[in-house]
2 protein chains.
Amino acid sequence: MTRAAPYDRDLALDRAMQLFWSQGYHATSLKDIEAALDMRPGSIYAAFKSKDGLFRLALARYYRRMMEVFDDRLAAAESPLEALADWLRFHVEIRLDDPAPPACMLAKTSLELADIDGEAGAEARAYLREVAERFAAVFALARARGELPDSADPERLARLLQAKIMGLTVFLQREADPQALRQLADDLADEVLALRHPGKAA
Amino acid sequence: MTRAAPYDRDLALDRAMQLFWSQGYHATSLKDIEAALDMRPGSIYAAFKSKDGLFRLALARYYRRMMEVFDDRLAAAESPLEALADWLRFHVEIRLDDPAPPACMLAKTSLELADIDGEAGAEARAYLREVAERFAAVFALARARGELPDSADPERLARLLQAKIMGLTVFLQREADPQALRQLADDLADEVLALRHPGKAA
DNA sequence: GGCAAGATTGAGCGATCACTCAATTGTGGT
DNA sequence: ACCACAATTGAGTGATCGCTCAATCTTGCC
């Protein structure tokens with residue numbers, strides 16, 4: 001190397017993720033990006049190829065971060081089903097801890113870039129499918145452990161859970177009252193826990 | 001009158017609604033609008049004031065249309081609770097009938113225009129609150145008719161239902177398989193119907 | 001038929017968009 | 001100390017953005 005990059009690529013990607021997450025793709029201009037990353041256009045394009053390229057890196061980072069946190073909480077949970085219920089409540093808590101980050105970036109992107117062609121939107125939807133597959137695997141684990149009846153369909157339950165999570169995060173955008181949000185998350189989480197074998201304690 | 005407007009304002013607003021609904025606010029340019037409405041810039045601004053003004057008219061129209069359809073289906077339903085469950089399934093059917101319209105425009109707008117200031121986003125969130133109030137009134141009606149236990153909290157159930165509907169419509173964007181979508185809507189609808197008094201037939 | 005009023009027209013406004021590249025700067029190797 | 005090279009810089013690219021307004025056209029009325 002003849003000249004070290006003065007910027008921290010990891011930090012820059014974090015800031016880009018935060019920016020795109022809160023503003024969306026179209027509402028974020030290169031001027032915004034220059035200011036947030038403290039980089040000039042030339043450097044941005046040398047490092048990330050294009051606005052679209054930077055966005056997709058930010059999206060991938062968001063996906064990976066979310067999955068890491070989920071895996072951590074799953075490992076710490078009392079049972080698979082508890083982890084899934086906890087995941088619903090967790091979305092409300094991060095929103096209340098830090099008012100900045102709004103609804104799920106994958107859901108936002110899937111809606112904003114709804115065009116069938118268009119790489120970024122398709123990627124967001126692909127990530128959402130991977131999340132659903134992860135949920136399905138955890139439901140399958142819960143079934144194998146006897147936490148769910150044998151008749152339970154993991155894929156089906158995963159879709160149901162994902163729809164609830166996305167609905168919750170959209171709801172986070174229009175409602176700010178902590179009590180209402182926690183109550184909603186609890187109600188949704190209770191529906192997940194109600195799938196348990198009757199009379200079976202986890 | 002000295003010269004009749006050659007365009008049909010109602011038709012133009014319909015087309016604008018359809019356009020903004022599918023593309024969102026930022027991704028829709030005036031060129032798109034000119035083409036969709038078959039109007040020139042001057043006429044558009046004379047009739048609708050601005051792009052923002054047109055969008056808000058389209059949003060209001062969307063809200064009114066949705067509520068009209070909801071009221072119609074409520075009037076035709078066997079019971080209030082059945083109407084709310086039916087409303088979930090209905091979202092899937094309109095999506096399958098006509099592949100063009102994607103997720104709920106109010107939810108999309110609430111996410112895309114998430115900025116606290118900004119009239120259009122705030123209006124979308126206000127409409128969502130009105131929808132929730134409508135749901136709450138129907139839940140209250142169901143309770144009054146003995147379809148729900150006296151302990152049921154209409155506002156709370158309304159938030160729960162709205163979150164599920166929004167989650168379902170976001171899900172419509174990433175999944176196309178009719179069977180999976182119908183199953184998901186049925187699962188969500190069944191959760192609503194399960195609120196009924198045990199052993200009480202509506 | 002001619003006129004006044006209302007509505008449409010579309011070229012073009014300044015601003016901003018995403019993006020480029022010749023010039024400059026900083027660094028490690030010798 | 002100096003050089004070769006990687007990386008940054010930022011003025012400036014053409015395109016497109018939302019929008020305006022003087023000119024034009026169409027209608028109803030007399």
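Quick note on labels: first sequence line is chain A, next is B, and so on, each numbered from 1. Heavy atoms only: backbone and side chains are in, while hydrogens, waters and symmetry mates are out. Everything quoted here is computed from the prediction, not taken from an experiment.
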Starting at atom [atom1] of [X], determine the distance to atom [atom2] of [N], rounded to an integer number of angstrom.
X: H26(B); N: dT16(C); atom1: NE2; atom2: P; value: 14 Å
X: R9(A); N: dA7(D); atom1: CZ; atom2: C1'; value: 14 Å
X: F48(A); N: dT20(C); atom1: CZ; atom2: C1'; value: 18 Å
X: R40(A); N: dA23(C); atom1: CZ; atom2: P; value: 21 Å
X: I44(A); N: dA7(D); atom1: CD1; atom2: C1'; value: 14 Å
X: D38(B); N: dT8(C); atom1: CG; atom2: C1'; value: 12 Å
X: D32(B); N: dC17(D); atom1: CG; atom2: P; value: 7 Å
X: F55(A); N: dC19(C); atom1: CZ; atom2: P; value: 14 Å

- Quick one: side-chain hydrogen bond (donor to acceptor under 3.5 Å, both in side chains) pairs with a partner in residues 165-175 of chain A, sequence neighbours left out? R174(A)-Q162(B)
- By nearest-heavy-atom nucleotide on DNA chain C, the more 5' of L30(A) and G42(A) is L30(A)
- Message: Tell me whether the side-chain N/O atoms of Y45(B) come closer than 4.0 Å to OP1 or OP2 in dC19(D).
- Response: yes
- Would one find a side-chain N or O of S43(A) under 4.0 angstrom from OP1 or OP2 of dA7(D)?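 No.
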- Taking all non-hydrogen atoms of both residues into account, name the closest pair between E112(A) and H26(A) and its distance.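 Minimum heavy-atom contact is OE2-N, 2.9 Å.
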- Query: Taking the six-membered ring where the residue is Trp, are the ring centres of F55(A) and Y62(A) under 6.0 Å apart?
  - Reply: no
I'd like a table of atom pairs between the protein and nucleotides 12-16 of chain D - only N or O on both sides, under 3.5 Å - with the distance next to each one.
none

- Message: Against the six-membered ring of Y25(B), is K51(B) placed for a cation-pi contact (under 6.0 Å from the centre, within 45° of the normal)?
- Response: yes
- Message: Side chains of Y63(A) and E130(A): any donor to acceptor distance under 3.5 Å?
- Response: yes
- Task: For the residue pair W87(A) and H91(A), categorise the inter-ring angle as parallel (less than 30°), tilted (30 to 60°) or perpendicular (more than 60°).
- Result: perpendicular
- Task: Report the C-alpha separation of R61(A) and D10(A) in whole Å, then their side-chain angles, then the decisive distance to 0.1 Å, and conclude whether the salt bridge (Lys or Arg N to Asp or Glu O under 4.0 Å) test is met.
- Result: CA-CA 10 Å; R61(A) 167 165 293 239; D10(A) 225 53; 2.8 Å; yes
